[in-house]
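So the structure is just underneath, and the comments pick up after that.
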Amino acid sequence: MNWPVLKDIKWLAYQLTSILSVLTGLILAVGSNSYWVLFVLLSMLLMGLGMSRATKLTR
């Protein structure tokens with residue numbers, strides 16, 4: 001990982017929100033709540049945005 005990516009606040013926010021979203025989805029899935037799918041999809045979207053931002057920062 002490059003230092004410009006680690007210093008970027010927006011990338012860090014995408015990654016942390018993605019991790020918290022997937023944890024929330026996991027807790028909801030264990031509790032048999034059907035909203036877990038929404039959180040998992042949100043996590044995948046945020047992870048994709050973070051990856052594209054990291055790619056732009058390293059070029």
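In this chain, numbering begins with 1 at the start of the sequence shown.
When hydrophobic clusters are built by joining Ile, Leu, Val, Met, Phe, Trp and Tyr residues whose side-chain heavy atoms come closer than 4.5 Å, directly or via intermediates, L57 is grouped together with L6. Note: the hydrophobic cluster containing L38 does not contain L28 (ILVMFWY, side chain heavy atoms under 4.5 Å, direct or indirect links). Residues M44 and F39 fall within the same hydrophobic cluster, defined by Ile, Leu, Val, Met, Phe, Trp and Tyr side chains chained together at heavy-atom separations under 4.5 Å. By the rule that hydrophobic residues join a cluster once side-chain heavy atoms approach within less than 4.5 Å of another member, W3 and L12 end up as members of one cluster.
To the nearest 0.5 Å, atoms OG1 (T24) and CG (N33) are separated by 11.5 Å. Between atom CG of residue L46 and atom CG of residue L41 there is a gap of 11.0 Å, rounded to the nearest 0.5 Å. Distance check: W11 CH2 to L16 CG gives 8.5 Å after rounding to the nearest 0.5 Å. With rounding to the nearest 0.5 Å, the separation of CG in L20 from CD in Q15 is 11.5 Å. Annotation: the span from W36 atom CH2 to L26 atom CG amounts to 10.0 Å, rounded to 0.5 Å. Between L45 atom CG and M47 atom CE the span is 11.0 Å, to the nearest 0.5 Å.
The stretch residues 40-59 participates, sequence neighbours left out, in these side chain to side chain donor-acceptor pair (under 3.5 Å) pairs: D8-R53, S18-S43.
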